[in-house]
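This report refers to the structure that appears directly beneath it.
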Amino acid sequence: MDFLTNGHNAYLESFFYTLMLFLVSGVLSLVLGTILVACRVGPVAVLRVAGGWYVTIVRSTPLVVVFALFQFAAPMLGIRFGWVQIHIGTVDFTSFFAVAVVALTLYTSTFVCEALRSGINSVPLGQAEAARAIGLTFGGTMSQVILPQAFRASVPPLASVLIALIKNTSVAYIFGVGEAVAQMRIMTNNYASERVPIFLTFAAGYIVIVFVVSFFANHLEKHWRTA
Amino acid sequence: MHLMKTKAVLAACGLALSMAACGNAGGGGTGKDLAGKDVSCGDFTGRVAEICKAGKVTIGVKFDQPGLGFKSATADEPAGFDVEVAKILAADLGIDSKDVKWVETISDNREPFLEAGKVDLVLASYSITPERRKVVGQAGPYMVTGQQLLVPADSTVKDISDLKGKEVCSVTGSTSIDKINEKGAKGVGFESYSECVQKVLDGTVEAMSTDGTILAGFAAQNEGQLKVVGDPFSEERIGVGYSKKAPEMCTFITDSLKKAFDDGTWAKAFEDTLGPSGVKTPDAPMLDACQS
Amino acid sequence: MSASVLFDSPGPRTRTRHRLYSVAAAVLLLLGAAWVARGLNDHGQFAYAKWEPFVTPSYVQALLVDGLLKTLEMAVLAIAGAVILGAALGLGKLSEHRWIRWPSAAVVEFFRATPVLLLMIFIWYRLGINEDSSGFLAVVFALTLYNGSVLAEVLRAGINAVPKGQSEAAYAIGMRKSQVMSVVVVPQAVKIMFPAIIAQCIVALKDTALGTAVLAPGLMYVGKAIYNEQHNQVPTVLVVAFLYVTVNLLLLWLATWAQKKYVGEKKLVVPMVGAADTGSAV
């Protein structure tokens with residue numbers, strides 16, 4: 001297994017990159033998804049409609065297409081991310097990283113929105129009615145009563161969304177980002193005879209990340225279910 | 001009511017169709033057919049003779065590199081200098097260019113392509129290197145070019161040393177990207193050069209780098225916006241790839257190229273494909289001898 | 001819970017306030033749209049020449065025949081394969097025999113946790129990447145394996161959603177396990193699963209776009225060829241996106257309709273790791 005003796009650093013670095021893509025776009029997706037769901041269930045009609053359209057259309061578009069559209073159109077709008085210059089060890093996070101993060105966020109946030117909405121739908125009606133009966137406003141009802149419960153109910157679907165995001169970071173490879181799949185392709189070229197072990201080693205990397213996230217989600221869900 | 005709806009839909013379709021008829025965006029030229037020469041397959045040995053007798057050959061070329069190997073979405077066949085040279089080789093095997101099966105290759109899969117043995121030849125701006133020669137056979141070169149930089153017309157970049165630590169776009173799995181890294185810049189790999197051109201045009205990267213002939217084509221396409229700068233900082237010898245299992249290919253390819261250099265078909269192919277983008281036809285390169 | 005339960009039906013002052021918000025939001029959204037449109041216009045993206053290919057018959061034909069049709073072919077084949085594989089793996093996971101159950105579970109978890117793109121690239125290399133249709137087949141096989149594993153979980157959830165009393169009653173009248181499954185449980189489970197299967201079709205259809213990485217045909221591939229030639233990236237990607245969205249919205253509508261007709265309010269609970277309807281890969 002020459003590729004591991006010579007390339008274990010490259011392997012780890014590429015997964016570090018994948019992990020960073022996942023973490024940054026995961027957090028941003030949760031934020032944007034929460035804003036979207038507030039628009040979708042809120043009292044302002046224009047936002048409700050706009051939020052609904054955004055979610056429906058983006059959810060129906062392949063991620064590759066979202067990626068392509070953003071990376072072609074953004075520079076025309078003056079969005080170039082030239083200021084993103086972060087270097088950790090030999091791993092560089094530059095404009096390519098930023099573009100990937102934004103594209104992944106635009107896409108994933110729609111799924112976060114739907115996961116949260118299903119969570120909100122699972123909160124019993126009486127809760128909202130009681131909240132209103134004691135005089136809470138929409139903001140108060142949401143932040144004090146509905147969302148805390150909705151978040152708990154949303155843990156399983158949100159975890160699924162995040163797990164999908166881990167795997168979706170691989171799409172960044174098509175757009176010049178040096179993450180794990182890009183590294184895999186370099187290695188399958190350099191060590192052509194070891195393609196099967198290379199593939200299994202990279203698949204294992206993803207599986208580990210997926211199972212860690214899934215373990216936390218399960219733990220969180222059980223914890224809250226008994227609480 | 002239902003009928004009315006159907007009619008409305010039909011009318012809309014009719015409108016769409018009539019609109020469709022009015023556009024006439026230009027498709028890329030497909031290049032001319034080249035008839036197979038009269039050859040007797042008995043003159044060849046091994047795999048070359050087999051291909052000659054079968055009357056069919058499979059050749060890997062690029063589909064996304066204007067001037068060298070490019071296939072329009074609307075065309076049936078690719079066109080470009082690589083393709084024309086491939087047609088010359090096929091003709092010397094007695095094969096009409098319409099009997100050539102064109103297969104798309106991208107930079108990082110040309111060796112697996114040949115190793116698997118289902119493609120007979122690869123002409124895909126394929127630089128000859130000692131590393132590659134360990135895995136596959138390479139004959140030629142049929143073109144010698146050097147790696148340069150393509151930058152925006154108003155850029156102050158003069159050569160690769162101005163780009164230390166900066167991102168420079170090229171294609172994954174190419175020799176160009178290795179050279180960029182060697183020179184202290186950071187290679188960012190895409191799947192095709194066209195995508196890199198876009199990245200230079202929109203300012204995401206300051207420059208892209210690969211063979212001068214390729215860059216010249218792009219500069220001509222985007223006159224006033226892009227320019228080629230810098231002395232060539234490498235020598236790329238573009239050759240023909242073949243499987244190591246068929247070393248007899250080398251002699252055939254070299255002889256065929258030699259003839260094409262001498263009788264002017266090579267120069268003609270160059271003028272027809274790269275000429276229009278402003279590249280001057282160079283002298284024919286020196287061919288490597290075949291090792292046995 | 002419908003949105004209206006979250007807030008009181010507004011009084012006159014609140015209504016005015018909401019109207020104000022609406023106007024403000026509309027203005028902001030329009031400004032945003034105008035900003036985007038201006039940026040694109042400044043770069044000549046609305047020029048007729050950039051859009052001309054899409055009213056030129058040969059390009060329209062390329063988009064629809066070499067693009068959309070191939071995309072649909074890949075998606076249909078993948079889903080057909082996935083349904084068969086999913087049934088096999090799903091029933092395997094429900095088996096009473098450990099030596100069937102464990103391998104089935106392992107296969108399902110492996111393919112649900114591995115990125116489809118990685119699978120595609122690997123299968124492509126395995127197939128001998130220079131075969132004529134190897135890109136096409138790599139996409140179909142990768143999507144079959146991935147979606148089959150997801151559908152296996154859907155099947156299991158569907159079977160678990162059939163009330164236990166049904167199978168107990170069937171056992172009570174003397175049916176064997178195979179009979180209970182084939183006559184009583186599976187027919188009902190399939191009905192419950194139907195919307196989830198359609199939803200999976202959307203996922204598969206979107207994932208075919210990943211095929212560009214392995215030179216598979218399809219909408220995105222043709223789009224790439226068009227913009228490499230015509231240098232009209234933004235218009236081309238917009239047209240490609242429009243076609244994907246249209247087909248997916250039709251499927252979505254079909255899924256909603258099937259949900260209403262066959263299932264009602266009941267929702268399938270599919271366990272985690274790339275669950276069925278949560279944007280699994282692209």
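Each chain gets a letter, A, B and so on, in the order the sequences are listed, and its residues count up from 1. In this text, all values refer to a predicted model and were calculated from it rather than measured experimentally.
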Exercise for review: With sequence neighbours excluded, tell me which residues meet side chain to side chain donor-acceptor pair (under 3.5 Å) with A/R195.
Suggested key: none
**Study point:** Side chain, backbone, both or neither of A/V44 within contact of chain C (heavy atoms, under 4.5 Å)
**Key:** both
Review point. Considering only heavy atoms, which portion of C/L243 lies under 4.5 Å from any heavy atom of chain A: side chain, backbone, both, or neither?
Key: neither
Review point. Does C/F242 CZ have over 12 foreign heavy atoms under 6.0 Å away?
Key: no
Exercise for review: Using a 4.5 Å cut-off on heavy atoms from C-beta on, say whether the side chain of C/Y244 contacts that of A/V64.
Suggested key: no
Exercise for review: Examine whether an atom of A/V196 lies under 4.5 Å from a heavy atom of chain C, and if so say whether it belongs to the side chain, the backbone or both; otherwise answer neither.
Suggested key: both
Exercise for review: Among the options C/V245, C/N248, C/L118, C/L205, pick out the one with the most heavy-atom pairs lying under 4.5 Å from chain A.
Suggested key: C/L118
Point to revise | Residue selection (most heavy-atom pairs with chain A, distance under 4.5 Å) from C/T236, C/L40, C/L117 | key: C/L117
Review point. Which region of C/L29, side chain (C-beta onward) or backbone (N, CA, C, O), has a non-hydrogen atom less than 4.5 Å from a non-hydrogen atom of chain A, or is it both or neither?
Key: side chain
Practice item. In sequence, state the C-alpha distance, the side-chain angles, and the governing distance for C/I121 and A/Y173, and then conclude on side chain to side chain contact (heavy atoms under 4.5 Å, CB included). Key: CA-CA 12 Å; C/I121 294 173; A/Y173 144 73; 4.0 Å; yes
Review point. So, do A/F72 and C/V234 sit near enough that their side-chain heavy atoms are less than 4.5 Å apart?
Key: yes
Review point. Can you tell which of A/A204, A/P43, A/A131, A/A68 has the highest number of heavy-atom pairs within less than 4.5 Å of chain C?
Key: A/P43
Check your understanding: What's the spacing between A/S214 OG and C/E109 CD if we round to 0.5 Å?
Key -> 8.0 Å
Practice item. Just grab all the side-chain hydrogen bond (donor to acceptor under 3.5 Å, both in side chains) pairs involving residues 210-227 of chain C, residues at least two apart or on different chains. Key: B/E104-C/Y221
Exercise for review: Would you check if C/V116 and A/K167 make a side-chain contact, meaning some heavy-atom pair closer than 4.5 Å?
Suggested key: no
Review point. Which bit of A/T188 is near chain C, if near means a heavy-atom gap under 4.5 Å: side chain, backbone, both or neither?
Key: side chain
Exercise for review: Tell me, out of A/A45, A/S60, A/G140, who's got the most heavy-atom pairs with chain C below 4.5 Å.
Suggested key: A/S60
Practice item. Can you see which heavy atom on A/I207 is nearest to which on C/F110, and at what distance? Key: CD1-CD1, 3.4 Å
Study note, to complete from the structure: Among C/G39, C/S22, C/A25, the residue with the most heavy-atom pairs under 4.5 Å to chain A is C/S22
Exercise for review: Sort A/I57 into side chain, backbone, both or neither according to what part of it lies under 4.5 angstrom from a heavy atom of chain C.
Suggested key: both
Revision key, fill the gap. All heavy atoms of C/A113 vs all of A/Y206, minimum pair found to be O-CB, 3.9 Å
Check your understanding: With distance as the sole test, does C/K206 use its side chain to make a donor-acceptor pair with the main-chain N or O of A/R59 at under 3.5 Å?
Key -> yes
